[in-house]
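Values reported hereafter were calculated over all heavy atoms of this structure, with side chains retained and with hydrogens, waters and symmetry mates removed.
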Amino acid sequence: MPSYHRAGGLGPVDGFWPSFDDRGKAWVESGEGKAHVKVVFKFGQEQGPRGNLYVIYDLTQARLQFLREMLIVSLLATGAVSIAVMASRKLQHFILDPVLLLAEATDKIASDKDYSTRVFSPSKDEIGQLYHGFNRMLEEIEYRDETIRKANDELEDRVQERTAAMQQAKAETESINKQLLDANQKLKESIEEAQQLAIEAQAANKAKSEFLAAMSHEIRTPMNGVIGFTNLLLNSDLSEMQKDYAQTIKNSGESLLIIINGILDFSKIEAGKFFLDSEPFDMAEASEEVIELLSAEAAAKNLELKLFYEPDARRRLVGDPGRVKQIMLNLISNALKFTETGSIRVRVEKMTVSGHPEGLKVSVTDTGIGIPADKQSVLFEKFSQSDNSTTRKYGGTGLGLAICRELVSMMSGEIGFKSEPGIGSVFWFTLAFWELGSEKEADESMISSEKPAEDGEFDLSVVNLLPETFRVLLVEDNAVNQKLAGKILERMGCSVDTATNGKEAVSMFADLPYNMIFMDCQMPEMDGYEATRKIRNIETAGNSSNGKQVPIIAITANAMRGDREKCLEEGMDDYIAKPVDARQIGRALERWRHHIQL
């Protein structure tokens, strides 16, 4: 195999020549102080192996070179270490000593807690800046430590102050608690006393209510006879002088009844027993009724009395028509009383009242004597009039306007006046109502009125509406009222039987069928309520001939709130308050004729 070698280079070692199988190999051989690196390369790969390249490298020189370089590196390292040692010793004075000094100062400050200590360095390099920063840190710590100390001192002072204040507050609290205990005990005693007073007041109110009811009954019962028989007398054949006397008796009786009603009304208001009804009514008709009732008095004084009902003012309303008319009657009557010449004009107009856009304002304007300015402030006070001579000259109790004020207030309205002596006065009041849906509903909801008769004429038109034989049971314990009501019913074509108490009435009803019963409520042995219940029980048991209940009309002198409702709850069908007259009885007969048993 041919071979080539560099001139002066190594030939094959030990006569070794690699074969084709050794190609790509490399190895090291050493011995006898010599070392060789052998590498076999192949060439001619694309068209098959062409031969091997056998490279032998002698490592002897490389080893010697390595030893020389290692010696040099060792010498350099030794010199560097020596220099570093000398430099560190030199720099210790400049760097390490100040740091050690700073560390010592730190340990001392940490152990002594003396932040007033300072360290100093003459240099202005980084070490000097470090010392400066350390001193600033000490100053800050010292400042904060001083601040905390002062704060602690102040806190201790405050704690002492607060402690003293708390002790004082505790003492005051104990004193207050004692006072509260005493006050609670007194309050308890006051509550017990108030409860006892409330019980006594409740009993007093009950007694007052019972007294009012008794007074109403006891006063109205004889007044019923006086006014009723006066009406009968006026409808009989009398001379002009007799008629004048009878009319005087009637006027006096009605005036007395107005005074009695005023006193009872105001007493009921003060006792909290006065309430308003709520029913549909026609305000225009109610106003016309008041004007018609007072027109004769106005004509007698040659005064013009006119009503102006504005077209946009509502007519169909819901409220208490009786009390509305009572207010109007009082204001117009006062105007007639204090007006000698001229006119009285009543105006009803639309006005927003208490947020209700369909409210009304009623004003009464007269041309009377007027009211002095110094008397106007007390005009609505009870039992007060503009002058003491007024009572002597014109009469009255001074309760009318006070009652009107209370009634208007209960209706969520206002009342007031303007007056000028010698020229006249304008009294007005406002009322808040809701519009009623239909006239039919209003007409069906109308119930009997409690007001006395408007005049002395009998309502005889009802006679033609009654059957030929119409039997009425009149239950009344008062002989005068028996006679009065019996005469009225007989003149209307009724056949009248009389019972003096409820027990007799029940017995008579069980024996005879009646077309209608007029029942007094307060009677001896058995009152009208119990008698009504027993009569209804008889009807339920089957004694009613055609399945209809006999109409029972209460005739009572009780005119307190709740009396009408109580009558209806007990089984009665209608209610008439004394004093009664022919008009009220006739209206009752006309209302209930469709329910009459034939």
Side-chain angles (χ1 to χ4, degrees), residues 162-220 260-278 319-320 322-323 326-327 353-356 377-384 397-416 429 431-432 450 521-522 527 529-530 556-570:
R162 295 292 175 86
T163 301
M166 290 179 63
Q167 291 175 349
Q168 182 179 357
K170 182 180 178 181
E172 293 176 355
T173 301
E174 291 176 352
S175 175
I176 292 173
N177 287 337
K178 186 177 182 302
Q179 294 176 7
L180 286 175
L181 290 175
D182 295 340
N184 286 336
Q185 181 62 31
K186 292 180 180 179
L187 179 61
K188 183 179 179 181
E189 295 174 358
S190 299
I191 290 174
E192 293 175 354
E193 183 180 356
Q195 290 175 343
Q196 182 61 32
L197 291 174
I199 294 173
E200 295 175 1
Q202 189 175 13
N205 283 335
K206 183 178 179 181
K208 186 175 182 179
S209 298
E210 292 174 353
F211 172 76
L212 289 174
M215 287 295 296
S216 175
H217 183 272
E218 295 301 324
I219 295 175
R220 287 172 183 268
I260 293 170
N261 288 338
I263 295 173
L264 291 175
D265 280 346
F266 199 82
S267 298
K268 287 186 284 185
I269 291 173
E270 286 193 327
K273 300 294 184 181
F274 191 94
F275 301 93
L276 298 174
D277 289 329
S278 180
D320 192 327
R323 297 305 176 183
Q326 179 181 349
I327 299 170
V353 181
S354 299
H356 297 281
S377 61
V378 297
L379 198 60
F380 286 102
E381 299 298 327
K382 58 183 178 180
F383 303 112
S384 66
T397 62
L399 281 176
L401 290 178
I403 293 174
C404 288
R405 181 185 62 181
E406 296 296 332
L407 292 175
V408 171
S409 177
M410 294 174 70
M411 295 178 185
S412 300
E414 296 180 354
I415 189 170
F429 65 96
L431 299 171
E450 295 183 17
C521 293
Q522 292 183 338
D527 61 25
Y529 304 121
E530 185 176 354
T556 176
N558 292 340
M560 300 290 287
R561 171 70 179 185
D563 291 330
R564 176 185 298 172
E565 290 75 8
K566 183 178 181 180
C567 292
L568 299 180
E569 290 174 359
E570 294 292 347

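Considering all non-hydrogen atoms of both residues, Gln326 and Ile403 come closest at NE2-CG2, 3.8 Å.
Distance OG1/Thr173 to CD/Gln179: 11.0 Å, rounded to 0.5 Å. The structure places CG of Leu568 at 7.0 Å from CD of Glu565, a figure rounded to the nearest 0.5 Å. Taken to the nearest 0.5 Å, the CD atom of Glu192 stands 7.0 Å off from the CD atom of Glu189. Remark: Ile415 CD1 to Ile327 CD1 distance equals 6.5 Å, nearest 0.5 Å. For the atom pair CG of Asn177 and CG of Asp182, the computed distance is 10.5 Å after rounding to the nearest 0.5 Å.
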Next item on the list: Let me see the working for Glu172 and Gln168 under side-chain contact (heavy atoms from CB on, under 4.5 Å), right down to the final yes or no.
Entry: CA-CA 6 Å; Glu172 293 176 355; Gln168 182 179 357; 3.3 Å; yes

Next item on the list: Apply the test side-chain contact (heavy atoms from CB on, under 4.5 Å) to residues Asp320 and Met410: give CA-CA distance (whole Å), side-chain angles for both, the deciding distance (0.1 Å), then the verdict.
Entry: CA-CA 11 Å; Asp320 192 327; Met410 294 174 70; over 6 Å; no

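Around atom CD of Glu530, more than 12 heavy atoms belonging to other residues, nucleotides or ligands sit under 6.0 Å away.
A donor-acceptor pair under 3.5 Å links the side-chain atoms of Ser190 to the main chain of Lys186, judged by distance alone.
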